[in-house]
There are 2 protein chains.
Amino acid sequence: MLTYTEENYLKALFKVTFGSGSNEAGTNELASLLVVKPATVNDMLKKLKEKELVDYEKYGKITLTIKGKKIALEIIRKHRLWETFLYQKLEFSWDEVHEVAEQLEHIQSGKLVDKLDKFLDYPEFDPHGDPIPTKKGEIKVQYKKTLSEISVGKSCKMVAVKDNSSPFLQYVVKVGLGINNEIKVLSIQEYDSMMLIEINGKQSTVSQKFAENIFVVIE
Amino acid sequence: MLTYTEENYLKALFKVTFGSGSNEAGTNELASLLVVKPATVNDMLKKLKEKELVDYEKYGKITLTIKGKKIALEIIRKHRLWETFLYQKLEFSWDEVHEVAEQLEHIQSGKLVDKLDKFLDYPEFDPHGDPIPTKKGEIKVQYKKTLSEISVGKSCKMVAVKDNSSPFLQYVVKVGLGINNEIKVLSIQEYDSMMLIEINGKQSTVSQKFAENIFVVIE
DNA sequence: TAATGAAGTTAGACTAATCTAACAAATAAA
DNA sequence: TTTATTTGTTAGATTAGTCTAACTTCATTA
């Protein structure tokens, strides 16, 4: 059985390595994500290596083992299922679910996860549009771009957000955006890449930073 | 903010003191309930005294302060609401809910508790028949006896169990008993206090120990 | 290729929660 | 009332997770 902290390291490691090509991470990178000092990460890596959850040599890069990746996916599965529960059943708002799910994801009970999955009718995506790993650890990889990659005149559909922080999500709502909304790019300012977009007939101007955190698909 | 462990001490303290007349507890008593050594309890009591959650003098008895009692009731409220959720919504069985609720009760989110309460339509009792404290910390005290106190020929209604352990609860189910069942005491064996009872027309024989762990009311 | 800065490691310390073993106080029994 | 037993306390040690400060290795670039 892993501690709460160990689980968080695996989850963070999965996040930084997943889809990064090499699947490798560095000590500082992990430390900044977990908001601890590199020294602390270093100590923990020794422990995780001992438990065969990470591959790691002194001064080398860090990767998850199969075993470590499996556990990370289970935690992400729990996190996203709980987010879905909070949003769909308890009427939490979009920006409130993450923080509580951070706690709920560590509850240990295989039965609970399965029952929750069933209760929610086996959802494929969480409220932020992120795919929920299956019981077997399969994760749906959606072909998606960021809004900032869409060119003038084109339309797309918002499918997820990259940044899960409360301030960003509240801002997204304020702009009138939500999952599955159609977005049309009307114009892009040359100078600062500010984007004029249209959602449900309503126009808004968003910054490049904003557009980089909205995931879309072209239909 | 309290640690997981501190919360467990307050909850245990509430359990041993509540309704015990004096509302006092001893170090050994607490230690055995929490399955730690008396020395450990002693250390923790100093910390809880520092935080003004318990009243306690060296070699004296332990009592909860108003503040400590309030927190204990909040934890019990969460525990029982989660038990109700697991039982009613996720189809957990009677004997499985306690263990998972032991973890869920420590999730920190005022909003979550309120939303869960609403989602469950403000239940008054958990699956074991124990009253759920209100948001204000009010707890319904039900006038109840144990089955062992009922005399021959009398009838009563089961309202709760005293022992929440899985083996006991499974045994209760096996005997054909459940919350709100009518029980008629047909006879009591003089020698060992074995009880012959009738539930829904079905007869069963139960031990005194068993009967002491079933709470009933006389209508 | 040697200097410099970034990345990573080590040693030593701290806190929380626990233990064991020895001791002290209170209470019950002789 | 003295002794024995139960109950409670203290001191010192351990483990997990964290820190700071000093050090080492790696990588870039002049």
Side-chain angles (χ1 to χ4, degrees), chain A residues 1-13 15-17 20-64 68 71-72 75 102-103 105-106 108, chain B residues 1-13 15-17 20-64 68 71-72 75 102-103 105-106 108:
Chain A
M1 198 87 308
L2 300 182
T3 65
Y4 184 109
T5 313
E6 287 168 333
E7 289 194 347
N8 277 137
Y9 275 81
L10 294 180
K11 191 179 58 154
L13 209 32
K15 280 190 182 167
V16 287
T17 58
S20 75
S22 62
N23 284 349
E24 292 176 340
T27 307
N28 284 354
E29 197 181 0
L30 250 191
S32 77
L33 193 69
L34 289 161
V35 199
V36 295
K37 301 295 167 197
T40 310
V41 170
N42 198 271
D43 285 346
M44 182 55 88
L45 286 175
K46 289 175 188 165
K47 208 184 301 176
L48 294 175
K49 191 192 172 182
E50 194 57 41
K51 294 190 177 183
E52 297 183 345
L53 299 169
V54 302
D55 282 324
Y56 164 66
E57 294 304 328
K58 216 167 140 175
Y59 292 106
K61 288 293 174 186
I62 314 155
T63 55
L64 280 170
I71 295 173
I75 301 163
E102 282 288 300
Q103 297 179 58
E105 72 189 9
H106 299 291
Q108 308 276 241
Chain B
M1 199 88 303
L2 299 182
T3 65
Y4 185 107
T5 313
E6 286 168 333
E7 289 194 346
N8 277 136
Y9 275 81
L10 293 181
K11 192 180 58 154
L13 208 33
K15 279 190 183 165
V16 286
T17 59
S20 76
S22 62
N23 285 349
E24 293 175 341
T27 308
N28 284 356
E29 196 181 1
L30 251 190
S32 78
L33 193 67
L34 288 161
V35 197
V36 296
K37 301 297 170 195
T40 310
V41 171
N42 199 271
D43 284 346
M44 181 56 88
L45 287 175
K46 288 174 187 166
K47 206 183 302 175
L48 293 175
K49 191 192 171 181
E50 194 57 42
K51 296 190 176 185
E52 298 184 342
L53 298 169
V54 302
D55 283 323
Y56 163 66
E57 294 304 327
K58 217 167 140 173
Y59 292 107
K61 286 295 174 184
I62 314 154
T63 54
L64 280 169
I71 295 172
I75 302 162
E102 283 287 302
Q103 298 179 60
E105 71 188 8
H106 298 290
Q108 308 276 244

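Per chain, numbering begins at 1; letters A, B, ... match sequence-line order.
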Please state how far atom [atom1] in [X] lies from atom [atom2] in [N], giving the value in whole angstrom units.
{"X": "D43(A)", "N": "dA16(D)", "atom1": "CG", "atom2": "P", "result": "12 Å"}
{"X": "L45(B)", "N": "dT10(D)", "atom1": "CG", "atom2": "P", "result": "11 Å"}
{"X": "N42(B)", "N": "dA11(D)", "atom1": "CG", "atom2": "P", "result": "11 Å"}
{"X": "I62(B)", "N": "dG8(D)", "atom1": "CD1", "atom2": "P", "result": "7 Å"}
{"X": "E57(A)", "N": "dT25(D)", "atom1": "CD", "atom2": "P", "result": "16 Å"}
{"X": "Y59(A)", "N": "dT25(D)", "atom1": "OH", "atom2": "C1'", "result": "5 Å"}
{"X": "K47(A)", "N": "dT15(D)", "atom1": "NZ", "atom2": "P", "result": "12 Å"}
{"X": "N8(A)", "N": "dG17(D)", "atom1": "CG", "atom2": "P", "result": "11 Å"}

| message | Using only atom types and a distance under 3.5 Å, with no angle test, would you say the side chain of Q103(B) pairs donor to acceptor with the backbone of Q108(A)? | response | yes
| said: Can you give me the first and the last nucleotide of DNA chain C (5' to 3') that has an atom within less than 4.0 angstrom of a non-hydrogen atom in chain B? | reply: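 First and last nucleotides in contact are dA16(C) to dA25(C).
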Going by heavy atoms in the side chains, are [X] and [Y] under 4.5 Å from each other?
{"X": "L64(B)", "Y": "N23(B)", "value": "no"}
{"X": "T40(A)", "Y": "Y9(A)", "value": "yes"}
{"X": "L10(A)", "Y": "L2(A)", "value": "yes"}
{"X": "E105(B)", "Y": "N8(B)", "value": "yes"}

| Under 4.0 Å between a side-chain N or O of T5(A) and OP1 or OP2 of dA16(D)? |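 Indeed not, no polar side-chain atom of T5(A) lies that close.
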| message | Measuring to OP1 and OP2 of dT10(D), would you say a side-chain N or O of K46(B) lies under 4.0 angstrom away? | response | yes
| note | Assign each of T3(A) and A39(A) the nucleotide of DNA chain D bearing its closest heavy atom; nearer the 5' end lies the nucleotide of T3(A)
| Pairwise 5' ranking along DNA chain D for P38(A) and K58(A), keeping only the more 5' one |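 Counting from the 5' end, the first nearest nucleotide belongs to P38(A).
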| message | If you count every heavy atom of other residues, nucleotides or ligands that lies below 6.0 Å from E102(B) atom CD, does the total exceed 12? | response | yes
| said: Once you apply a heavy-atom cut-off of 4.0 Å, does T40(A) come out as touching a base, just sugar-phosphate, or nothing? | reply: base
| Y9(B) near the nucleic acid: base, sugar-phosphate alone, or nothing, with a heavy-atom cut-off under 4.0 Å? |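 The answer is sugar-phosphate, as Y9(B) gets under 4.0 Å only of primed atoms, P, OP1 or OP2.
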| field | E29(A)/K61(A) under salt bridge (charged side-chain N to carboxylate O under 4.0 Å, His left out): CA gap, chis, key distance, verdict | value | CA-CA 11 Å; E29(A) 197 181 0; K61(A) 288 293 174 186; 5.7 Å; no
